[in-house]
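Values reported hereafter were calculated over all heavy atoms of this structure, with side chains retained and with hydrogens, waters and symmetry mates removed.
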Amino acid sequence: MLMRTDPFRELDRLAQQVFNGPGTWTRPTAMPMDAYRSGDEFVVAFDLPGVSAEAIELDVERNVLTVKAERRPTITGDNVEMQVAERPLGVFSRQLFLGDTLDTEHIQAAYDAGVLTLRIPVLEKAKPRKIAITNTEQDVKQINA
């Protein structure tokens with residue numbers, strides 16, 4: 001199960017964009033994400049448009065998943081004068097606290113069209129299962145006989 005521990009993360013992200021500018025390695029900017037359960041796995045999708053796959057780092061330590069990425073300017077040169085710069089640049093980071101029911105050893109990561117998608121399987125012990133019920137009437141009759 002995925003656990004959210006910081007309900008003010010989105011407010012912090014907006015305030016950081018307005019007041020602090022681009023993220024740095026010491027103060028990275030949060031990246032938007034979606035998370036949902038699909039069958040026997042959790043799926044987490046991070047928006048990272050304009051970031052190359054080589055600029056993304058994924059780390060798992062204990063049950064903490066850390067995603068870091070860096071978006072650099074794509075247009076550079078001596079004769080370039082930027083007219084409008086609205087796309088955020090810098091370092092982006094997000095940490096997720098994964099529950100004990102997720103299999104952190106078998107996380108799959110794919111990056112396509114600016115979206116990093118992680119698939120985290122649910123451990124066998126955490127999957128729903130049926131429990132057999134014994135017939136207690138027969139057990140009671142055998143004891144009384």
Just distance, no hydrogens or angles: give the donor-acceptor pairs under 3.5 Å from side chains in residues 77-84, sequence neighbours left out.
unit_1	atom_1	unit_2	atom_2	d
Q83	NE2	E81	O	3.3

Determine, step by step, whether F42 and V122 satisfy the side-chain contact (heavy atoms from CB on, under 4.5 Å) criterion, reporting the C-alpha distance in whole Å, the side-chain angles of both residues, the deciding distance to 0.1 Å, and the verdict.
CA-CA 7 Å; F42 273 92; V122 175; 4.2 Å; yes
Spacing of K68 atom NZ and I56 atom CD1 [to the nearest 0.5 Å]
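Result: 14.0 Å between the selected atoms.
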Is there a path of hydrophobic side-chain contacts, each under 4.5 Å between heavy atoms, that joins L123 and L98?
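No.
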For residues 29-47, which residue pairs qualify under salt bridge (Lys or Arg N to Asp or Glu O under 4.0 Å), counting only residues two or more places apart or in two chains?
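Qualifying pairs, neighbours excluded: D40-K127, E41-R119.
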Distance-only check: which donor-acceptor pairs under 3.5 Å involve side-chain atoms of residues 104-118, not counting sequence neighbours?
unit_1	atom_1	unit_2	atom_2	d
H106	ND1	D103	OD1	3.3
H106	ND1	D103	OD2	2.7
Y111	OH	L48	O	2.7
Y111	OH	V51	O	2.5

Carefully, step by step, assess M33 and L96 under the rule side-chain contact (heavy atoms from CB on, under 4.5 Å).
CA-CA 11 Å; M33 70 167 217; L96 301 178; 3.6 Å; yes
